[in-house]
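Here, residue 1 is the first one in the sequence, and each next residue gets the next number. No experiment lies behind these values; they were computed from the predicted model shown.
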Amino acid sequence: MNPTDTSAAKIETIRCRYAIIGSGIAGLWTALHLAGHGPIAVITKSNVRESSTQYAQGGIAVSLPPTDSPELHEQDTLRAGAGLCDEPAVAILTQEGPGVVRELISYGAVFDRENGHLAYGMEAAHATNRIVHAHGDATGEEVERTAYEAVRHEPEVEIYETTAAAELLIIGGECVGVQSVNLSEGRLVRFIADATLIATGGVGSLYRYSTNPPVATADGIGIAFRAGAALQDLEFVQFHPTALAAAGYPKFLISEAVRGEGARLLNPQAQPFMSRYHPQEELAPRDVVARAVYTEMVSAHSDHAYLDFTPLGTARMRQRFPGIIEELHERGFHPEDEPVPVTPVAHYMMGGIATDLHGRTNIPRLFACGECATYGVHGANRLASNSLLDGLVFGKRSAAAMAQIELLAPAEERQAAAHEQVGVYAAPAPLKERIADLMWEQVGIIRTGDGLAQAQAQLQQWAEQIELRSQATLGELEAANMGQAALLMAIAALHRTESRGAHYRTDFPETSRQWRKHVVLRKSEAGELLVSDRSVESRTES
Ligand code: FAD
Ligand code: SIN
């Protein structure tokens with residue numbers, strides 16, 4: 001890679017073949033599969049490991065014979081997705097899943113074993129045990145470690161830490177790279193690339209309470225929208241039913257796998273209640289369990305329900321969930337003896353930057369994958385432990401498509417270096433907290449039309465504070481992206497006048513057949529918001 005100083009704009013310019021934004025599993029796995037095709041810049045705004053991937057607990061859902069099949073995994077994914085999954089995408093996820101998990105193992109990932117075979121855990125809405133896991137409950141750490149170890153030995157991959165991607169460079173309707181901020185030196189740096197991948201993860205920081213690390217500020221959604229990319233299914237935010245109800249951000253997650261091993265939910269009066277909500281009780285789809293816990297909390301005017309670990313027995317809980325038990329002990333909770341207070345919190349964004357089945361967006365040379373993207377696999381509610389799998393399967397597919405991208409023409413390259421846009425979009429950093437409070441109150445687990453309309457009006461006002469500046473702090477960049485993404489999420493949620501999966505509205509509590517479609521948002525060339533629908537794809541159309 002070749003750093004130069006463009007004399008006119010005084011912006012350091014780095015020419016690479018591929019720019020990858022984000023170093024979670026989606027970014028690193030794509031980088032790994034692009035190795036050998038030219039110089040790759042992995043741009044990441046914190047240290048390389050900081051990502052949701054690093055904190056994943058439960059594991060990776062994968063159907064391996066003899067007890068399971070991709071078809072069974074597909075059926076469970078479709079059922080949990082509440083009618084909004086695109087079947088061709090789900091078929092790819094479940095059929096290509098076993099291969100990528102084997103590949104991850106070949107790169108050195110060590111998953112837990114029993115009697116010499118991979119140990120499969122159970123999580124909600126899966127018909128069978130199919131969750132591979134590492135060190136009991138530290139799967140994400142093992143996945144991230146493995147991918148990073150592999151990537152860092154690739155001579156053509158350079159990782160730019162503390163570098164925040166801020167704006168895409170668009171010339172003649174094509175993406176020719178990304179304008180970024182070197183946060184440690186406080187200056188702009190421009191990556192010019194033949195293909196750019198957005199892999200910036202989730203949106204948890206848009207909510208007052210979330211399991212996500214603070215880097216999850218929806219940057220990819222903001223950046224992509226400003227550049228004209230289509231976004232889809234933004235109204236579908238998954239709330240995890242069992243975060244520890246204790247002070248601090250993020251909220252500490254207590255994996256669904258704990259319920260998969262037999263732990264019971266108790267309401268604030270210490271009574272079991274899930275049988276009143278769903279025949280699968282504790283292992284009902286995540287949206288059902290999160291709403292049930294929330295409803296019990298609200299009706300008892302309590303800020304928590306309970307998770308009772310004792311059905312597992314002390315030995316099993318310590319052996320299977322060593323990290324969770326240790327963390328609980330450190331925080332003064334003793335699950336061996338008494339139920340632990342839990343609460344639902346924001347966890348995962350089902351929607352995102354719309355792509356095809358190879359991560360291609362509607363902007364030539366721009367790709368997206370992982371949690372910030374959607375290819376239609378998760379529908380209205382993601383099946384547990386399908387997200388790491390999604391990053392692996394679609395990261396590899398994105399890499400295959402990116403490898404085919406032609407070099408920029410010399411004239412395009414010169415134009416990219418001299419691109420007139422020298423600034424970045426920013427908003428006042430204190431807006432971040434106000435957005436998180438508003439989203440929690442009005443665009444949360446249970447929504448109303450009035451609340452969504454109020455949220456939209458307020459977010460619209462705040463969006464007027466987003467402006468182009470010659471320089472910005474990380475907090476100011478994040479505030480702009482959070483403000484942008486939050487507004488779009490409120491608009492999408494108000495637009496969908498039904499309840500489905502994770503999107504629940506008291507004014508439209510039923511699921512409506514006519515809403516079995518995706519909501520797509522995009523900015524027109526004139527800067528107006530375009531709202532359209534896209535049909536859900538069935539397998540026969542593929
Ligand atoms: P991430 O892993 O979040 O990575 C995003 C990267 O982008 C980070 O490196 C971030 O710093 C970087 N970034 C963001 N914005 C910018 C910017 N502007 N410029 C540069 N870099 C940027 N899923 C499962 O399948 N199984 C589980 O067991 C599981 N457990 C979970 C537990 C927790 C606590 C959490 C939070 C999530 C869990 N999930 C699980 C979900 C899953 O971990 C994530 O959906 C998945 O890891 C997302 O991967 P990703 O690569 O898309 O994003
Ligand atoms: C968990 O371990 O409960 C999280 C799993 C997931 O988000 O898929």
Side-chain angles (χ1 to χ4, degrees), residues 75-87 89-90 124-125 207 231-241 265 267 273-300 305 344-352 374 376-384 386 439-456 488-521 531-538:
Q75 283 164 25
D76 290 346
T77 303
L78 293 174
R79 207 173 302 117
L84 220 67
C85 299
D86 289 315
E87 288 180 14
V90 177
Y207 287 90
L231 306 167
Q232 184 181 294
D233 296 341
L234 292 185
E235 61 275 38
F236 295 106
V237 178
Q238 183 168 72
F239 289 79
H240 197 293
L265 282 162
N267 64 16
F273 60 93
M274 274 311 302
S275 61
R276 284 192 271 117
Y277 290 87
H278 198 277
Q280 284 175 283
E281 304 191 7
E282 270 76 1
L283 296 182
R286 197 173 278 177
D287 59 317
V288 175
V289 182
R291 267 194 305 278
V293 173
Y294 186 77
T295 304
E296 293 289 313
M297 283 166 47
V298 169
S299 68
V345 301
H347 182 62
Y348 183 84
M349 166 49 92
M350 265 73 70
T374 176
V377 282
H378 303 306
N381 176 50
R382 175 177 63 93
L383 184 66
N386 263 356
M439 291 295 282
W440 181 259
E441 301 295 342
Q442 312 281 37
V443 194
I445 304 177
I446 298 203
R447 302 161 175 188
T448 66
D450 286 349
L452 291 170
Q454 280 168 28
Q456 182 183 331
L488 295 171
M489 288 158 67
I491 290 171
L494 193 56
H495 185 69
R496 182 175 287 278
T497 48
E498 66 155 358
S499 291
R500 180 186 294 274
H503 171 68
Y504 186 85
R505 286 181 60 160
T506 54
D507 49 345
F508 292 96
E510 304 300 326
T511 301
S512 155
R513 188 184 293 228
Q514 69 190 31
W515 271 106
R516 190 166 174 258
K517 56 191 178 186
H518 302 286
V519 172
V520 180
L521 304 180
V531 182
S532 59
D533 300 333
R534 185 174 76 68
S535 307
V536 173
E537 285 174 37
S538 66

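For the atom pair D507 CG and R447 CZ, the distance stands at 11.5 Å (nearest 0.5 Å). Distance check: R505 CZ to S499 OG gives 8.0 Å after rounding to the nearest 0.5 Å. Summarising the geometry, atom CD1 belonging to I491 is positioned 10.0 Å from atom CG belonging to L234; distances are rounded to the nearest 0.5 Å. T77 contributes atom OG1, which lies 4.5 Å from atom CG of L383 (distance to the nearest 0.5 angstrom). Note that CZ of R496 and NZ of K517 are 8.0 Å apart. Values are rounded to the nearest 0.5 Å. Atoms CG and CD, on L265 and E281 in that order, are 10.5 Å from each other to the nearest 0.5 Å.
Across all their heavy atoms, A124 and A384 have their closest contact at O-CB, 4.2 Å. Between R500 and S512, the shortest heavy-atom contact is NH2-O, 3.0 Å. In this structure, L78 and C85 approach most closely via the heavy-atom pair CD2-CB, 3.6 Å. Nearest heavy-atom pair, G376 versus T374, reported as atom, atom and distance to 0.1 Å: N-OG1, 3.1 Å. Shortest non-hydrogen contact noted between V520 and R534 is CG2-CB, 4.0 Å. Closest approach of Y294 and I445 over heavy atoms only: CD1-CD1, 3.6 Å.
Looking at R79 and P285, their side chains never come closer than 4.5 Å, going by heavy atoms from C-beta outward. Residues W515 and T497 meet the side-chain proximity criterion, which asks for heavy atoms closer than 4.5 Å. Using a 4.5 Å heavy-atom threshold, the side chains of H495 and D533 count as touching. The shortest side-chain heavy-atom distance between L452 and Q456 does not fall under the 4.5 Å cut-off. Residues H518 and D86 are in side-chain contact: their nearest non-hydrogen atoms beyond the backbone lie under 4.5 Å apart. Contact annotation: the side chain of V519 approaches that of V531 to within less than 4.5 Å [non-hydrogen atoms, C-beta and beyond].
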What verdict does the ring-ring contact (aromatic ring centres under 6.0 Å, His included) test give for F236 and H378, after you've listed the backbone C-alpha separation in whole Å, the side-chain angles of each residue and the deciding distance to 0.1 Å? CA-CA 10 Å; F236 295 106; H378 303 306; over 10 Å; no
What verdict does the side-chain contact (heavy atoms from CB on, under 4.5 Å) test give for N386 and V377, after you've listed the backbone C-alpha separation in whole Å, the side-chain angles of each residue and the deciding distance to 0.1 Å? CA-CA 9 Å; N386 263 356; V377 282; over 6 Å; no
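Remark: E296 engages N267, P268, F273, R276, Y277 in a side chain to side chain contact (heavy atoms under 4.5 Å, CB included) (not counting sequence neighbours).
For the pairing with N381, the side-chain hydrogen bond (donor to acceptor under 3.5 Å, both in side chains) check across H503, R286, Q238 returns one residue only, Q238. Partner of V237 under the side chain to side chain contact (heavy atoms under 4.5 Å, CB included) criterion, out of M489, M350, H347, M439: M489 alone.
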